[in-house]
Amino acid sequence: MATATSHPSKRRTGGGEEPSGDRADFISNLPDAVLGTIVSLLPTKDGCRTQALSRRWRPIWRSAPLNLEADRGFSEKLVSKILSGHLGPARRISLSRIRRLPHRYQADDDDRSNGWLTPNLQELELVHRFDCRRNSLPPSVFRLAPALRVARFGLCHLPPNLAVDFPHLKQLTLHMVSLTEETLRGVLSGSPALESLLLDQNVGVSSLRISSPTLRSIGFCALWNRQVVDGIVNVQEMVIEDAPCLERLLPLNPDYGPATIRVIRAPKLKILGSLSCGILQLQLRTTVFMEMIAVSLTTIMRTVKVLVLDNFGPGLNAALDFLKCFPCLERLYVVLELWRVRMDMKHASLSYCPIECLELHLKKVALKVYYGEGPEVDFARFFVLNAKVLEKMEFGLVGGHDDKWWGNKYKQLLVEYRASRAARFEFKSFSTSTSQDNKERTHDLSLADPFDASFLDGYVTL
Amino acid sequence: MAATTADGSKVVGGGEKSNVDEESKMITLFSSDGERFEVTQEAAAMSQTIHHMMEDGCVDDEGVHLPNVGSSILAMVIEYCNRHVASPDEKEDIRSFDAGFVNVEHHTLFDIIRAANYLDVKELMDLCCQTVADSIKSKSVEEIRELFGIVNDFTPEEEAEIRKENQWAFE
């Protein structure tokens, strides 16, 4: 609805309170629908409180699309109360640490009174509190929310014959869910618009097989807790069977598995990481790496631009094999191995076989944690001396040291003989621990390189 | 059915009448105070309102009159649209542009919201509404009233009633 854009400032007197100084109330002149949109973006408690602002604002929250985020402070009774008192559609419902879904949700599949699954519901998070195998979600959740764009289900069991219908779903997270191969297939085929998928510590299936015409990003990891629980089937293998749009393949915690990753068809793969020795076998079509050492380099992938190597001990030759596999690599991130015992520093000879990536493409290298001692100096120096189009090299270090110490570390790198005159070298010191944000790396597709800023998150430039 | 090609020029299917010159990529917009703005069709199409007008052939040679949008606000909306069609892939630059764009006085922001609402520019609406929501988040009722100049027209009894009914939100 169009309204006039200019208006004289208003002064109103109300019961019980003085007019608020010189500041005129422009916001209350916005149309109801707009105020509703704004209120709907607020956290649940904040949104509810707007009812007390003034008479104009009183009815807004109750009729605007509801944003219900019920965490620790919300009991099931309260959640039911909010849902039943609220007149408008639900835009977003996020229930975590559920012990039992509130009564209103436990309607049978046929029961149409699933009022909370409104046609407008865009975001839904249902995460139980305790172990997954006993919790289930009403099947209607997967069929009666046609506008859903973002969904996250956790700590529950998804049956094999689950009928999934999410025509607009773009982002899906399955967190500690128990499921089968058939369930996953059903989920993928029922989500024809899916762009990003986060499979976090799911059980019940040993092989995750992915085929999706639209999927652009996938993050995954197996169960961290290695405790053997009766009958639990842990994820051993991730297979990308057919993903024509896949750009990001992100093993999130590769030391915990899956032990095998196979990529059969992903012609647009751009970002790969992290890879670590926890991945016993990595197959990229016919190329095979066993514990990060190349056994066969018969397929090269020219589309890959970003590579992250985690807890990397095998050394320079192994790293160069990765560069040969990805000749157009532009950015390399390496987390140096903690114990540094397996570093194999036989110098690679480039004289008869220049590596395309170093000659033409590699622009950024980042290393952490760098101590500036032993084989890792040779490792770093190799890139200084051979990466011809390098623009930036970053080092993440720990410890407080004096200027002399930094000066020495810098000198060691033989920067004056660097292969790329334009290269800049930056030391960053560890400042604070940050939590790895797997969700963002998997789901935020607006970042061209999800590791660019976040790899050295918590490190401060010196 | 008329379609817009990648470079913004309009291509018309056989037999259909177009009111816009096939070669031209520009469209004229008039603000409420009569000022004239030339924009590319691509940028103008970010406004669903204008986009539908173009599709339905309602845009004559003169251009589009927008009696509900003043020139200073229209200029800002056009700046936003131009920036967003220009480099849709450079997401990090666009983020900092957006942050600077909404860094204006509240009343200007509300004017932009109204214009974006009328012109139906979804991305701009989302951006501005989120900005306003962010400024409201975590504030007490009193602080919000103070921030926006909202006058409390409840009686003390009415306000107490609301707070009691929704006690959980005020804890």
Side-chain angles (χ1 to χ4, degrees), chain A residues 1-7 9-31 33-35 37-58 61 73-75 78 81-82 85 444-448 452-453, chain B residues 31-32 49 66-70 72-74 89-92 94-95 105-119 125-126 128-134 136-141 144-156 158-159 162-163 165-166 168-171:
Chain A
M1 275 278 283
T3 51
T5 52
S6 60
H7 45 262
S9 52
K10 290 191 180 178
R11 291 197 178 273
R12 283 184 283 178
T13 51
E17 198 163 293
E18 297 157 272
S20 39
D22 295 326
R23 201 182 290 260
D25 181 4
F26 292 111
I27 193 172
S28 302
N29 286 328
L30 292 172
V34 173
L35 289 184
T37 304
I38 293 171
V39 168
S40 159
L41 293 170
L42 293 169
T44 315
K45 287 187 180 180
D46 293 60
C48 178
R49 286 205 299 268
T50 60
Q51 293 179 98
L53 284 173
S54 73
R55 288 201 172 131
R56 164 90 181 92
W57 285 78
R58 172 88 217 258
W61 180 73
F74 289 68
S75 68
L78 179 56
K81 179 182 170 206
I82 296 172
D444 187 350
L445 300 178
S446 69
L447 302 169
D452 191 19
Chain B
S31 65
S32 59
T49 307
L66 303 168
N68 293 310
V69 190
S72 60
I73 297 298
L74 185 56
D89 289 331
E90 274 148 52
K91 291 294 168 120
E92 276 130 45
I94 285 194
R95 274 183 187 191
E105 300 226 359
H106 282 137
H107 66 90
T108 308
L109 195 58
F110 302 141
D111 285 343
I112 297 174
I113 288 179
R114 281 210 189 77
N117 195 23
Y118 169 66
L119 294 170
M125 262 305 263
D126 288 348
C128 293
C129 286
Q130 185 66 58
T131 306
V132 178
D134 289 343
I136 293 179
K137 233 182 264 197
S138 305
K139 291 197 167 71
S140 71
V141 171
I144 301 171
R145 286 192 192 125
E146 173 72 40
L147 181 63
F148 293 112
I150 299 173
V151 173
N152 178 8
D153 52 0
F154 289 121
T155 65
E158 282 172 335
E159 188 172 344
I162 295 173
R163 285 176 184 258
E165 248 176 52
N166 300 284
W168 57 272
F170 287 91
E171 270 147 21

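Keep in mind that the numbers below use all heavy atoms, side chains included, and drop hydrogens, waters and symmetry copies. Lettering of chains follows the sequences in order, A, B, ..., and the numbering in each one begins at 1.
B/I144 has its side chain out of reach of A/R49: every pair of non-hydrogen atoms, C-beta onward, lies at least 4.5 Å apart. Considering only heavy atoms from C-beta on, A/F26 stays 4.5 Å or farther from B/H106 through its side chain. Using a 4.5 Å heavy-atom threshold, the side chains of B/R114 and A/N29 count as touching. Between B/Q130 and A/T37 the shortest side-chain heavy-atom distance does not fall below 4.5 Å. In this structure, the side chains of B/L147 and A/I27 stay at 4.5 Å or more apart for every pair of heavy atoms. Annotation: side chain of A/C48 is in contact with side chain of B/W168 (closest heavy-atom distance under 4.5 Å).
For B/T131, the side-chain hydrogen bond (donor to acceptor under 3.5 Å, both in side chains) criterion is met by no residue, not counting sequence neighbours.
At distances below 3.5 Å, not a single donor-acceptor pair connects side-chain atoms of A/R55 with backbone N or O atoms of B/F154. A donor-acceptor pair under 3.5 Å is absent between the side-chain atoms of B/D153 and the main chain of A/S54, judged by distance alone. Panel note: side chain B/R163, backbone A/A52; no donor-acceptor pair is recorded below 3.5 Å.
Of the charged side-chain nitrogens involved, none lies within less than 4.0 Å of a carboxylate oxygen, so that A/R58 and B/E158 do not count as a salt-bridged pair.
Between B/R95 and A/L447, the shortest heavy-atom distance links the atoms NH1-CD2, 4.0 Å. Scanning all heavy atoms of the two residues, the minimum distance from A/P31 to B/N117 falls at CG-ND2, 4.1 Å. Closest of all the heavy-atom pairs between A/L53 and B/V141 is CD2-O, 3.6 Å. Contact detail for A/D25 and B/V151: the closest heavy-atom pair is OD2-N, 4.3 Å.
At a 4.5 Å heavy-atom cutoff, the contact between B/I113 and chain A is made by side-chain atoms alone. Of the two parts of A/I38, the backbone and the side chain both hold a non-hydrogen atom closer than 4.5 Å to a non-hydrogen atom of chain B. The contact between A/I82 and chain B is made entirely by side chain atoms (from C-beta outward), counting heavy-atom distances below 4.5 Å.
For the atom pair A/L41 CG and B/D126 CG, the distance stands at 8.0 Å (nearest 0.5 Å).
With respect to chain B, the highest number of heavy-atom pairs below 4.5 Å among A/L35, A/T50, A/D46 belongs to A/D46.
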